[in-house]
Amino acid sequence: MRRDGNTRGPSLLVRGLFVLAALLAVTAGIARAQPPAPSPADLELGKKLYRTNCAGCHKWHGNGGGGYGGDALSLRHTTLDREQIITTIGCGRPSTGMPYHLRDAYEGDEKKCYGLGPSDLSPGMVLAANAFLRPSEIGIIADYVLARVKGRGEPGYDDCLEFFGTGSRVCNIFKSPVEGGPAAAPPGK
Amino acid sequence: MISFRNRLLGGCAAALIALGFAAGGAYAADVTQERLLNADQEAGNWILHHKDFSAHRYATLDQINASTVKNLKVAWTVQLGGIEGGGIWSHGGLEGTPLAEDGFLYVTDGWGSVYKIDTHGGEGKLVWKMDPKTDHDWAGAIACCGVDNRGVALWGDMVISHTLDGRLVATDKESGKVLWQRQIANPDKGEVVTGAPLVVKGMAITGVAGAEYGIRGWIAATDLKTHAEVWRTYTIPAKGEPGSETWKDDHNAAANGGGSTWVTGSYDPSTNTIVWGVGNPGPDWDSAYRPGDNLYTDSSLAVDADTGRIKWHFQHTPNDPYDYDSVAENVLADVNGPHGAMKIALEADRNGIGYAVDRNTGKFIWATPFVKKLTWTKGVNPETGKPMEYDASKGQQIYNPEATPTRTNKVTIICPGNMGGKNWPPTAYNPKLQTWYIPVIESCNKVTVEETVPGKSYKSREFFTGGGPSNPIKITGSVTAIDAATGKITGKLETPFPMLGGLLATPDLVFAGQPDGHVMALDAKTLAKLWDFNTGGGVSAPPMTFSVDGKQYIALLVGQGGAWDKWFIDGTPELKKIAPSSTLYVFGL
């Protein structure tokens with residue numbers, strides 16, 4: 001789940017493609033039947049996978065936004081359901097910075113992603129992720145996003161602790177917002 | 001802090017230098033200002049980040065030369081640590097320059113652990129490791145461009161280092177015990193520290209990173225005896241200070257104006273002047289948010305070493321809409337050429353142009369594009385040193401309109417790409433040949449502008465960039481040689497990958513590493529490749545050289561560092577196969 005170099009929303013054509021893709025995904029077998037509710041261990045694994053593969057662009061809180069990762073979309077505000085999230089992770093989003101994470105997403109004759117095969121792709125139209133994921137890992141990331149990210153409001157202290165734990169000072173700013181001026185931390189020993 | 005014994009030994013070292021024993025490289029002594037001033041004469045040692053205060057990265061050792069380099073082979077390696085991830089980063093990397101003193105190397109990993117390695121006897125033996133326990137998530141979540149630490153400084157009987165989470169740490173050179181530490185940058189504000197400290201007159205000079213997170217940049221000096229801050233000079237002037245008139249907006253853009261200082265600078269003792277590069281303005285790509293020239297971003301800045309007072313500046317890309325940092329080191333050189341004898345400062349800018357200015361005044365002398373493709377400007381005005389299209393009457397500069405990202409030209413291809421024609425990897429300068437070698441990234445990339453909204457877009461510890469880059473175009477590299485007296489390009493060796501590691505010059509060679517793992521030695525005059533070795537890991541660090549037991553070695557840290565594999569890899573998809581690693585390689589004849 002990486003960068004989106006295009007800050008504008010997807011065109012009507014692309015949006016239509018996604019809707020169509022979601023439908024195709026069901027029939028093509030990428031989507032699976034609704035699995036059992038994820039366990040706490042699944043969600044922890046999902047967080048770990050999200051952190052490694054998604055947080056660079058979508059940020060730890062899932063709100064996305066600009067930066068070196070491009071304008072990744074907000075997963076807190078997403079309306080995608082589980083299968084659509086799975087499709088987006090696995091297939092990426094053509095013509096944007098969102099890469100595909102399924103190794104064979106665009107290989108072979110199956111055209112399992114948006115009905116596109118190798119001969120349909122122009123150079124750079126789809127980006128491959130740095131590291132591919134197994135289908136089960138993609139499902140666990142989707143479960144994590146649905147359980148811990150989607151639909152949540154602005155990130156706060158509790159969200160931060162939930163993501164990072166208490167071993168770091170990373171969440172301090174939610175307790176003590178920083179004003180301007182020089183660094184004021186005292187000397188340490 | 002410094003014992004009588006050490007003071008005595010320091011005096012002896014100065015005497016040895018005065019007597020001309022420096023080339024032997026045997027110094028059982030503290031590091032003093034006198035030794036640092038003569039660091040270039042300690043042939044077998046490398047006791048400053050850039051080898052000497054002038055940032056030449058030139059060593060006079062010549063056992064390894066154009067005739068013998070073909071016999072260069074791995075002498076030994078040491079596996080280091082710091083490969084773990086943190087924040088938004090899946091792994092740490094190595095970008096440091098080892099320091100060498102009396103046969104001992106001092107190296108760092110990306111998280112700031114310092115390793116002392118004994119190189120006597122033809123092998124590397126770890127003496128101690130100092131782990132500063134860097135807060136990985138606090139720092140790693142706001143390190144825009146990797147888990148990096150570029151090395152240490154030496155002073156007295158201490159090893160001085162930085163941590164990514166903003167500390168200055170003094171470690172006992174003998175025992176590896178932490179003597180004291182001081183929080184100098186504040187990650188809560190988006191500040192991290194990646195550069196090596198520069199020690200001048202007993203003060204550690206620190207630069208800061210974080211322009212992509214809306215910091216207000218600075219350079220700070222810490223007294224290494226009292227541990228107190230001596231001065232802190234902001235690179236974005238406060239209201240009413242000189243330069244503040246170049247921030248013409250009505251929403252205090254200067255408060256988050258960027259101007260990072262994350263590459264170690266140089267020092268001219270003849271004028272007691274520190275010359276330091278300053279990075280891009282923030283937000284990076286939405287220049288309409290911050291009309292005006294945005295001083296002192298994208299500038300070389302000269303400051304008084306005792307007070308931090310700004311003496312002069314030279315700005316390369318006013319109102320920068322490209323992310324064309326000028327954090328690069330300034331190489332201080334005395335040259336003779338058609339213009340007579342000149343004392344110059346050389347800077348290879350991210351905007352793809354190499355500059356020479358008078359290092360006493362900042363007055364422009366020459367400029368030369370060193371990349372193959374440069375589209376953002378028609379060139380540099382030979383009188384002013386400004387881009388040809390620069391118009392002082394305008395708040396927002398539109399250089400080449402087709403290659404200038406703006407709110408109306410939202411998606412744009414720029415050349416060089418935003419990572420620059422040359423990023424942090426240091427140049428090298430051969431004073432005998434008066435030749436300056438630049439590690440070049442030959443690139444174009446795509447920039448998309450996102451409008452920044454006053455009062456809404458800035459959030460602590462969040463990217464504040466006004467858009468983002470992507471890399472649909474193949475990126476390569478080169479080593480480019482320039483005559484420092486004339487500014488003319490004298491050679492260019494094209495490389496399959498961008499130069500992400502920096503250079504070392506010796507009397508007749510230039511050494512360089514590549515992100516695909518290859519290390520190479522080039523002929524200093526022709527740039528012909530004379531030697532090549534595949535380390536098997538990504539090279540993102542500069543080579544250096546030292547001698548011990550009468551034998552010369554080349555040392556190099558190997559371990560893919562920086563931001564390339566996260567933000568720029570699509571321009572070099574072949575590098576996806578390079579795995580993170582963390583190894584010190586040492587080569588000998």
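Here is the naming used below: chain letters follow the sequence lines, and residue numbers restart at 1 for every chain. Not measured: the values here are computed from a predicted model. Only this structure's heavy atoms are used, side chains among them; waters, hydrogens and symmetry mates stay out.
Of the atoms belonging to B:Asn256, not a single heavy atom falls under 4.5 Å from chain A. Proximity to chain A is limited to the side chain of B:Lys459, based on heavy atoms less than 4.5 angstrom apart.
The candidate with the highest count of non-hydrogen atom pairs below 4.5 Å against chain A, out of B:Trp138, B:Phe463, B:Phe464, B:Trp285, is B:Trp138. Interface summary for chain A: among B:Gly87, B:Ala141, B:Pro187, B:Ala220, the most heavy-atom pairs under 4.5 angstrom belong to B:Gly87.
Considering CD1 of B:Ile569 and CG of A:Leu127, their distance stands at 12.0 Å, rounded to 0.5 Å. Distance check: A:Cys171 SG to B:Arg461 CZ gives 8.5 Å after rounding to the nearest 0.5 Å.
In terms of heavy-atom proximity, A:Gly67 sits nearest to B:Pro469 at O-CD, 4.0 Å. In terms of heavy-atom proximity, A:Ser168 sits nearest to B:Asp137 at OG-CB, 3.6 Å. The nearest pair of heavy atoms linking A:Thr52 to B:Ser90 is CG2-CB, 4.3 Å.
Put simply, the side chain of B:Asp135 gets close to the backbone of A:Arg169: a donor and an acceptor are under 3.5 Å apart. When atom types are taken as modelled, the side chain of A:Asn130 and the backbone of B:Asp565 share a donor-acceptor pair closer than 3.5 angstrom.
Taking the six-membered ring for Trp and thresholds of 30 and 60 degrees, B:Trp567 and A:Tyr68 have nearly parallel ring planes, at less than 30 degrees apart.
In this structure B:Cys444 satisfies the disulfide bond (SG atoms under 2.5 Å apart) test together with B:Cys415, sequence neighbours excluded.
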